[in-house]
Amino acid sequence: MNYELSGSKNKKQKGDTTRALKKLAPLLNGEKRKLALAISMAMIGSAASLLDPIIIGRAVDLYIKNKDFHGVLISTAILLGVYLVGLVASYIQTLALGGVGRRVLFSLRNALFAKLQELPAAFFNQNKSGDLISRINNDTDKLNQFIGQALMQFMRSLFVVAGAGIFLLSLNPRLGAASLIPAAVVLLATRLLAPWVEAANLKSLQAVGQMSSEIQESLANFKVVAAFNRLDYFKDRFNGVNVKNFSASVKAGIASNIYAPIYGVASTMAQLIILGYGTYLITAGNFTIGLLIGYLLYVDNFYRPLRQLATVWPSMQLAFAAIDRISEVLALRSDMEIVQDKFAEAKTDLQLEFRDVSFTYLEGKTVLSKVNLKLQKGKTYALVGPTGGGKTTTASLMARLYDASQGSILFEGQDIRSYSPEVRSQKIGFILQEPFLFTGTIRDNIVYGNRDYLNCTDEQLAGALNSSGLSGLIARFGQGLKTNIASGGDTISLGQKQLIAFIRAVLRKPDLLILDEATANIDTVTEQLLEEIINKLPKDTTKVIIAHRLNTIDNADEIYFVNAGKIVLAGSMEQAVKMLTGQKRTS
Ligand SMILES: Nc1ncnc2c1ncn2[C@@H]1O[C@H](COP(=O)(O)OP(=O)(O)OP(=O)(O)O)[C@@H](O)[C@H]1O
Ligand SMILES: [Mg+2]
């Protein structure tokens with residue numbers, strides 16, 4: 001299955017407002033009351049600001065013209081009251097929506113992270129972690145900013161524009177219609193410019209994602225960078241994405257700000273129309289100075305929020321692009337679902353069986369082709385073969401890190417796909433060729449995902465380690481279980497990492513233990529110790545050992561040779577060596 005996200009390869013993705021709003025709606029489901037409060041406050045706030053021109057117009061016509069200072073004073077007091085109501089409404093609206101934005105941000109980040117946990121290994125092969133981090137950090141925040149700030153301004157501006165438009169048209173329809181002509185022109189311009197602004201914003205988000213990927217890659221590989229003195233290489237690459245990010249964000253900035261001057265000109269045009277036409281109406285005796293002032297204020301009331309709408313619009317477009325990028329991840333479904341078992345061969349002495357298994361990575365050659373393999377419970381199997389022959393891939397299929405492209409894999413007589421992840425990881429211990437440790441203590445690392453020991457006391461854990469013969473290995477670390485593992489294991493040796501990965505897998509007492517080059521970096525004395533520990537595991541534990549150092553697999557019951565899509569029985573160690581050397585000669 002293809003898990004590649006469109007942002008990862010800078011594909012053009014079309015953001016669509018209605019589609020984005022539809023995706024946004026479910027996120028706001030739990031926030032209906034707060035949203036209703038915000039909307040009513042926006043209405044009150046806009047109603048308040050719409051009253052100003054009427055009050056001022058009436059004050060001019062009724063009181064100022066007649067020098068009625070008492071009336072002027074009352075009008076001023078009313079204006080002040082209306083202003084205060086508007087202020088309070090705006091404050092409550094900010095509070096209500098600010099909380100909504102942060103809650104959406106919180107739950108979206110959780111949802112995205114949970115989704116990433118559930119997606120299969122193939123997803124991570126196809127997407128860059130830097131871009132994913134950027135989606136979790138940056139894109140969700142764009143949405144938060146949109147809900148917390150832009151949405152509030154948008155609602156308020158929308159009400160004020162609508163209200164001012166109604167006043168303009170109802171007080172004097174011809175004058176009102178004339179004052180709205182520039183608005184029609186700019187709205188048309190906005191519509192024409194929107195796709196360009198939207199594309200510029202999306203490109204800017206993608207550029208942030210690419211930059212984040214580049215930083216992540218060079219930080220993760222800083223030793224290689226230093227050893228090969230390739231600082232210039234990464235510097236060039238970083239410079240490349242930085243320049244791209246810079247120009248994308250400059251373009252997005254220009255695009256986003258294009259509306260402000262256009263709307264500014266439209267507003268001035270409308271004021272000029274009112275002044276000209278209004279003065280003409282006054283001289284004709286059909287209009288008053290107070291009404292003209294009121295009209296000028298309404299025009300301002302109409303165009304100012306319209307300009308705000310135009311400036312908010314790009315940030316909404318940015319948020320829509322972010323919603324698209326976020327929901328693209330959320331919409332992914334793992335194709336490694338739990339399926340109904342169709343074999344149910346409960347009474348089998350087979351630990352694992354491959355039936356006509358073929359496997360191909362998405363963009364690669366076929367690694368396994370119609371392989372049949374039977375592993376008996378309690379036996380030790382060795383997988384040997386040339387570099388790139390397919391051993392790790394075979395082991396990954398055994399642990400269901402991937403599903404077979406064709407054929408079936410049975411674990412203890414049942415379809416391996418019918419086990420829940422918890423049960424599967426409890427039954428199968430896999431020591432990866434590239435051990436990975438989490439930042440934390442050794443204890444955190446060895447109980448990770450192990451429900452038996454997750455909440456036990458240090459004493460209980462020490463007891464369990466002791467009975468499995470693992471305490472000696474823990475004692476090799478200065479502070480035992482409490483030893484700190486910093487920066488994901490960068491501060492300990494590779495062999496030490498393998499030791500911890502070994503303890504983590506063996507402590508589970510799995511039914512199937514897979515060791516992929518698990519002792520490749522461990523000295524021979526310690527290696528023997530590990531072998532003794534493995535031999536202490538329950539008798540029916542099945543072991544699969546992958547090793548290039550053939551002495552490691554001395555005790556294997558059967559040796560399989562993995563190469564060129566096939567897994568064949570090597571028979572004896574001599575035969576395995578022959579196959580390996582023969583392979584070397586032919587390749
Ligand atoms: N994630 C991946 N995506 C695409 N192709 C892959 C991936 N991992 C491995 N391959 C390819 O699959 C083939 C088998 O790789 P695999 O890692 O199984 O070999 P291996 O026998 O474990 O080698 P080694 O002895 O070096 O560990 C190789 O040709 C490799 O290039
Ligand atoms: Mg390998």
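Reckoned from all heavy atoms, side chains included, excluding hydrogens, waters and symmetry mates. Every number for a ligand or one of its atoms is a count from 1 in the order of the listing.
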Atoms of type N/O/S from protein, distance to the Mg ion (ligand 2) below 2.8 Å: 2
Plane angle bin for Tyr448 and Phe438 - parallel if under 30°, tilted between 30 and 60°, otherwise perpendicular: tilted
Polar atom proximity, Thr394 to ligand 1 (N or O, under 3.5 Å): no
Numbered atoms of ligand 1 (with element) below 4.0 Å of Thr393, judged on heavy atoms: 14 (C), 15 (O), 16 (P), 18 (O)
Close side-chain approach of Asn201 and Phe320, heavy atoms under 4.5 Å: no
Closest heavy-atom pair and its distance - Gln376, Tyr381: N-OH, 2.5 Å
Gln406 and Asp356 side chains, donor-acceptor separation under 3.5 Å: no
Thr483 versus Arg443, side-chain donor and acceptor atoms under 3.5 Å: no
Polar contact flag, side-chain donor to acceptor under 3.5 angstrom, Tyr361-Thr393: yes
Top protein contact for atom 9 (C) of ligand 1, by heavy-atom distance: Tyr361 CE1, 3.4 Å
Sub-4.0 Å atoms of ligand 1 with respect to non-hydrogen atoms of Val367: 12 (O), 13 (C), 14 (C)
Sub-3.5 Å N/O-N/O distance, Gly389 and ligand 1: yes
Gln117, CD atom: more than 12 neighbouring heavy atoms under 6.0 Å: yes
Contact partition for Glu517 relative to ligand 1, non-hydrogen atoms under 4.0 Å: neither
Thr542 side chain near Leu513 side chain, heavy-atom distance below 4.5 Å: no
Between Asn110 and Ser107, a side-chain donor and acceptor under 3.5 Å: no
Per atom 23 (O) of ligand 1, closest listed option by heavy atom (Gly388, Ala122, Gly390): Gly388
Salt bridge (Lys or Arg N to Asp or Glu O under 4.0 Å) partners of residues 514-529, not counting sequence neighbours, each pair once: Glu527-Arg549
Heavy-atom protein neighbour under 4.0 angstrom from atom 30 (C) of ligand 1: no
Under 3.5 Å: N/O of Thr387 near N/O of ligand 1: no
